[in-house]
Amino acid sequence: MRAAVFKGLNQKLCVEAIPVPIPKPGEVIIKVGRCGICGSDLHMTEDPAFNVPSGMVLGHEFAGEVVELGKEVESLKVGDRVAVVPMKGCGHCPSCLSGEPGSCAEVELIGGGYGEYAVAAARQAVPLPQSAGISDGALVEPLAVALHGVMRSDLQPGDKVVVLGAGPIGLATAFWARRIGARQVVITDLNVFQQDRAMKLGATDFVTGDEDHVVQADRLMGGKADIVFECVGVPGMIAQAIEHVRSKGKVLIQGLCTRPDSFVPFRAINKECTLQFSNFFKTQEFETSLDILSMGAVEPRALITDTIGLNELPDAFEALRHRTTQCKIQIAP
Ligand SMILES: [Zn+2]
Ligand SMILES: [Zn+2]
């Protein structure tokens with residue numbers, strides 16, 4: 001089969017022929033229908049902190065069709081269309097049993113979506129309802145990441161929200177925040193590229209340009225935010241988030257920053273604000289994200305700007321290292 005293979009840090013992905021994976025007991029082979037390119041995949045190819053082995057096939061936002069069953073698989077059959085929860089836990093510890101494989105001591109983030117076929121444990125595969133398309137299936141993972149952040153923030157109907165960063169996770173966060181009842185959702189970004197898309201996803205205002213973003217957001221909301229979502233992940237953003245939040249408000253940090261970041265504690269102490277971090281999602285949040293799409297919520301589909309083939313993936317992947325007008329790119333291997 002063909003796959004875009006990781007060769008080493010800061011090297012371009014390489015499309016080559018590799019063997020189709022063989023399922024172990026409890027696993028299934030999935031013919032990948034769509035796979036989203038995720039910002040964390042970009043990080044993984046740049047940063048030694050992630051320890052990605054050469055030869056790995058990345059791509060964890062995928063959906064497809066089950067084409068082969070390993071032994072002992074009873075929950076699925078060949079031909080089932082599924083979306084995949086990419087965190088593979090042990091399957092039997094309290095975290096795994098309560099739907100939080102991301103907190104399992106043995107958790108591993110599986111890839112494989114940048115190839116024609118991928119392997120996953122049957123328990124990671126969630127069947128797609130008839131009404132969900134395959135591209136919807138590949139959108140479930142980033143939606144679930146955003147939903148988890150919103151759940152961790154304890155957002156209440158009527159809250160005023162600022163989202164830093166109009167990437168896919170920031171936009172999906174705006175979608176959920178609005179859906180759960182936020183009164184105002186202001187997205188800030190250095191570029192204007194995603195303004196229209198942000199409004200489609202549920203933002204009420206979009207802040208960009210040279211004037212201080214905190215000043216602009218305060219003016220739009222008539223005060224500070226109850227909750228600030230940090231969805232950029234570069235040094236300086238936590239300090240920025242603290243400036244946006246009200247006294248006793250909450251800063252929810254999702255941006256995947258792998259470098260040291262500093263802020264002045266006095267600024268946060270003055271406000272007695274809470275800093276809360278968020279990682280992965282619960283299986284239940286994945287299922288809810290799929291439900292929302294299959295019950296007819298069309299807004300998240302606006303996240304998808306491009307669908308490309310495997311041959312185009314290495315170039316598209318490199319281009320995403322710099323901000324572009326694109327949002328979520330999906331691959332159809
Ligand atoms: Zn992702
Ligand atoms: Zn476990």
Side-chain angles (χ1 to χ4, degrees), residues 4 6 13 26-27 32-47 49-50 52 56-64 83-115 118 120-124 126 135-150 165-173 175-176 229-233 253-258 277-286 289-290 293 300 303-306 313 316-317 320-321 326-331:
F6 171 73
L13 299 178
E27 292 182 338
V32 178
R34 290 284 191 284
C35 179
I37 300 181
C38 177
S40 62
D41 294 334
L42 295 164
H43 280 292
M44 283 188 249
T45 62
E46 291 168 354
D47 196 320
F50 294 98
V52 179
M56 181 165 173
V57 179
L58 296 169
H60 59 268
E61 298 181 0
F62 65 95
V84 176
V85 174
M87 301 93 75
K88 184 182 180 188
C90 69
H92 44 74
C93 72
S95 294
C96 286
L97 292 176
S98 64
E100 295 186 272
S103 303
C104 173
E106 293 171 27
V107 68
E108 163 192 0
L109 183 71
I110 68 152
Y114 294 171
R123 63 175 179 277
Q124 292 175 268
V126 179
S135 58
D136 293 332
L139 261 191
V140 176
E141 201 267 355
L143 282 179
V145 167
L147 175 57
H148 185 62
V150 173
I169 296 299
L171 295 172
T173 297
F175 166 73
W176 286 115
F229 293 91
E230 201 303 275
C231 304
V232 176
I253 299 150
Q254 296 194 298
L256 191 60
C257 182
T258 55
F277 293 81
S278 174
N279 190 22
F280 296 129
F281 46 82
K282 297 182 187 180
T283 310
Q284 297 87 330
E285 290 157 345
F286 190 88
S289 301
L290 177 54
L293 290 171
L303 291 170
I304 304 169
T305 50
D306 302 81
L313 170 57
F317 198 81
L320 281 177
R321 296 189 194 283
Q326 290 155 321
C327 187
K328 179 62 73 186
I329 300 181
Q330 289 191 342
I331 301 137

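Note that ligands are numbered from 1 as they come in the structure, with each ligand's atoms numbered from 1 the same way. Numbers here are sequence positions counted from 1.
Restricting E61 to its N/O/S atoms, the shortest distance to the Zn ion (ligand 1) is reached by OE2. Restricting E141 to its N, O or S atoms, the one at the least distance from the Zn ion (ligand 1) is OE1.
Here the CE-CZ distance, from M87 to F281, works out to 4.0 Å after rounding to the nearest 0.5 Å. Interatomic distance, S135 OG to R34 CZ, rounded to the nearest 0.5 Å: 5.5 Å. Within the model, atoms OH of Y114 and CZ of F62 stand 11.5 Å from one another, a figure rounded to the nearest 0.5 Å.
L13 places a side-chain heavy atom less than 4.5 Å from the side chain of F6. Proximity of F50 to L256: side-chain heavy atoms (C-beta onward) are separated by under 4.5 Å at one or more points.
More than 12 heavy-atom neighbours from other residues, nucleotides or ligands sit within 6.0 angstrom of CD on E46.
The SG atom of C38 and the NE2 atom of H60 meet at the Zn ion (ligand 1) at an angle of about 90°, given to 10°.
Nearby protein atoms of type N, O or S around the Zn ion (ligand 2) amount to 4 (distance under 2.8 Å).
Between K88 and the options Q124, E27, E108, E106, a side-chain hydrogen bond (donor to acceptor under 3.5 Å, both in side chains) holds for only E27.
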